[in-house]
Each structure stands twice: as structure tokens, then as C-alpha cells.
Undergrad: 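Sending over a structure as C-alpha cells; questions will come in a sec.
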Amino acid sequence: GVAVTAGADTNLGTLTIASGFTISGTVTISGDTTGIQFYGGDPTQPIGLWINAWSNSTFTSNGINVNIPRGVDQSVTYTIGGLDPGVYQVNTWLDQYEQSPFNLSADVSSANATGVNITMAGYTGVISGTVSGYSDSSKVVVTAQMSGWGDWNTPSKTTIDSNGNWTLTGIGTGYYM
């Protein structure tokens, strides 16, 4: 240990900071981002997006927050540093958007990984069906939420028509309940 006295300089000796390997690329949000709203945040500010790299082999991770400007098809570059040698899964999350490619990996076993590009695109899936056995269609609401995401994924809701038909649009890839 090192004894530190208030008001006095303390020599900590020689510190070595290992920079490790890096993963870099571009993250793009496809479409118009001007309407994206975060939990009561200011929709005129850039979108803060956390990009994470996780290695199952070394059980290490690191990440970086990037700010993406508002507008149509906005992109920024990123670099995640300080990584131990290994293979990393690279991912990010943005409500109502999907990462492509979904299973993105980068190998930094012997060199930095470049060109690890991510595209986030709005959900485009559709779920539809028919409800039967109701007496008042105005009181029926169909709700679907992606399982496994808890509060992170906003439920999709719709009403039924007079024949009991319903359609949910803007659905992401996954399992729903």
C-alpha cells in the first residue's frame, strides 16, 4: 500500500497503462432520427448510443458512448480500446431499432479490428391475428412485448376492428408474449 497524507504530494512509483487492442468502425442509424425520444430527454440533442464489446472467452468487456447527430441516415465512427486479446461480440441498443448484423464479432487475438460497422434500422416486422369471443370490440386491446427485454422494450398495442382483426406494425425480430 501507499500512505497518503492530506496536503502533501505522494509518489506512487511507476504506473504502466496497457492500451490493449481496439475495435473500430462506423455506426449508422438508418432513417430519420429527429423524432427519437429518450425517457423525457431533449429530442434536439444528439442521440447518445453505448457500443459494447464483450468476450465470452476472456470474460472481459469495454465500450464507448458515441453521440449521433439528429437527421436522416446519420453516422459516426467509434473506437473501443483497452481490449485483451480475444474474440468480442459487438452490440448496441436503441429502442424500436435493430442492429445489423445482429451477431457482430471482432477478432483482436493478434491485431486491432477495423471496419466493424453497425447499422441500426427501425423495426419493420408485422404480427397480425383475429380475436373471437368478445362482445364489445371497443374494449379489446392487443398488446405484444418482446420477451426477455423487460422494461427496455416498449410494448406494442393496437385495437381490433369490428371483425376482430388486428395488426401490429413496427415489430422487431424476437419472441413476443
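Note that this is a predicted model, so its numbers are computed, not measured.
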Undergrad: Using the rule that two of Ile, Leu, Val, Met, Phe, Trp, Tyr join whenever any of their side-chain heavy atoms come within less than 4.5 Å, decide whether Val90 and Val87 are in one cluster.
TA: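 No, it is not one cluster - the side chains of Val90 and Val87 are not joined through contacts under 4.5 Å.
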Undergrad: Do Leu83 and Thr22 pass the side chain to side chain contact (heavy atoms under 4.5 Å, CB included) test, and can you show the C-alpha distance, the side-chain angles, and the key distance before you say yes or no?
TA: CA-CA 6 Å; Leu83 300 171; Thr22 62; 5.9 Å; no
Undergrad: Working to the nearest 0.5 Å, report the span between CG of Asp73 and OG1 of Thr119.
TA: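 The distance works out to 9.5 Å.
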Undergrad: Do Met120 and Trp50 sit in the same hydrophobic cluster, where Ile, Leu, Val, Met, Phe, Trp and Tyr count as joined when their side-chain heavy atoms come under 4.5 Å apart?
TA: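 No; Trp50 is not reachable from Met120 via cluster members.
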Undergrad: Can you name the residues that form a side chain to side chain donor-acceptor pair (under 3.5 Å) with Ser55, not counting sequence neighbours?
TA: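 Checked Ser55 against side chain to side chain donor-acceptor pair (under 3.5 Å); matches are Ser57, Thr58.
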Undergrad: What are the two closest non-hydrogen atoms of Ile80 and Asn52, and how far apart are they?
TA: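 So the minimum-distance heavy-atom pair works out to CD1-C, 4.2 Å.
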Undergrad: Who are the side chain to side chain donor-acceptor pair (under 3.5 Å) partners of Thr28, not counting sequence neighbours?
TA: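 Listed in chain order: Ser75.
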Undergrad: Hey, are the side chains of Ile51 and Val66 touching, using non-hydrogen atoms and a 4.5 Å cut-off?
TA: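 Sidechains of Val66 and Ile51: in contact.
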Undergrad: Could you list the cluster mates of Trp54? Members are the ILVMFWY residues connected by side-chain heavy atoms closer than 4.5 Å, either directly or through other members.
TA: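 Trp54 shares its hydrophobic cluster with Phe59.
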Undergrad: So do Thr158 and Val141 actually touch side chain to side chain, heavy atoms under 4.5 Å?
TA: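 A side-chain contact under 4.5 Å is absent here.
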Undergrad: So, the side chain of Arg70 versus the backbone of Pro46: is there a donor-acceptor pair under 3.5 Å, distance only?
TA: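 No, Arg70 side chain to Pro46 backbone: no donor-acceptor pair under 3.5 Å.
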Undergrad: Name all pairs fulfilling the side-chain hydrogen bond (donor to acceptor under 3.5 Å, both in side chains) condition that reach into residues 99-110, sequence neighbours left out, sorted by first residue then second.
TA: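 Listed by first then second residue: Asp107-Ser109.
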Undergrad: Which heavy atom in Asp32 sits nearest to a heavy atom in Tyr97, and how many Å separate them?
TA: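 That would be O-OH, 3.9 Å.
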Undergrad: Of the non-hydrogen atoms in Thr34 and Gly71, which two are nearest, and what is the gap between them?
TA: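 That closest heavy-atom pairing would be CG2-N, 4.0 Å.
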Undergrad: For a quick test of reading the model, state the closest non-hydrogen atom pair linking Asn62 to Gly81 and the distance between them.
TA: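 For Asn62 and Gly81, the tightest heavy-atom pair comes out as ND2-O, 2.5 Å.
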Undergrad: Go through the steps to decide whether Ile160 and Val142 satisfy the test side chain to side chain contact (heavy atoms under 4.5 Å, CB included), and finish with yes or no.
TA: CA-CA 7 Å; Ile160 62 173; Val142 177; 4.0 Å; yes
Undergrad: Got a sec, which residues hit side chain to side chain donor-acceptor pair (under 3.5 Å) with Ser138, two or more places apart in sequence or on another chain?
TA: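 Ser138: side chain to side chain donor-acceptor pair (under 3.5 Å) contacts with Asp136.
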Undergrad: Report the residues that fulfil side-chain contact (heavy atoms from CB on, under 4.5 Å) with Asn117, sequence neighbours left out, ordered by chain and then residue number.
TA: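 Checked Asn117 against side-chain contact (heavy atoms from CB on, under 4.5 Å); matches are Thr26.
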Undergrad: If every non-hydrogen atom of Gly48 is compared with every non-hydrogen atom of Asn67, which pair is closest and at what distance?
TA: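 Reported closest heavy-atom pair: CA-OD1, 3.6 Å.
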Undergrad: Knowing that exactly one of Thr33, Val27, Leu94 qualifies, which makes a side-chain contact (heavy atoms from CB on, under 4.5 Å) with Ile68?
TA: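 Filter result, single survivor: Val27.
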Undergrad: Among residues at least two apart in sequence or on other chains, which ones pass side chain to side chain donor-acceptor pair (under 3.5 Å) with Glu98?
TA: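 Listed in chain order: Thr173.
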Undergrad: Side-chain contact, heavy-atom cut-off 4.5 Å: Leu104 with Asn91?
TA: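 No, every pair of side-chain atoms sits at 4.5 Å or beyond.
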Undergrad: Please enumerate all residues that pass side-chain contact (heavy atoms from CB on, under 4.5 Å) together with Pro85, with sequence neighbours excluded.
TA: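 Applying side-chain contact (heavy atoms from CB on, under 4.5 Å) to Pro85 gives Phe21.
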Undergrad: Donor-acceptor pairs under 3.5 angstrom involving side-chain atoms of residues 163-170: please list them, not counting sequence neighbours.
TA:
{"from": "Asn165", "atom 1": "OD1", "to": "Thr130", "atom 2": "OG1", "distance (Å)": "2.9"}
{"from": "Trp166", "atom 1": "NE1", "to": "Gly129", "atom 2": "O", "distance (Å)": "3.4"}

Undergrad: What closest approach, in Å, do Val131 and Val140 show between heavy atoms, and which atom pair accounts for it?
TA: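 Nearest heavy atoms, Val131 then Val140: CG1-CG1, 4.3 Å.
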Undergrad: Which distance, rounded to the nearest 0.5 Å, do you find between the CD of Gln89 and the CD1 of Ile23?
TA: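 Those atoms lie 9.5 Å apart.
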Undergrad: Would you say Tyr88 and Thr60 make side-chain contact, with heavy atoms under 4.5 Å?
TA: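 In contact.
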Undergrad: With heavy-atom distances below 4.5 Å as the criterion, would you say the side chains of Ile64 and Thr79 are in contact?
TA: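 No, side chains not in contact.
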Undergrad: Just wondering, do Ile118 and Tyr78 contact through their side chains at under 4.5 Å, heavy atoms?
TA: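 A side-chain contact exists here, since the closest heavy-atom pair is under 4.5 Å.
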Undergrad: Do Val126 and Ile171 have side-chain heavy atoms sitting under 4.5 Å apart?
TA: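 The answer is no; the side chains never approach within 4.5 Å.
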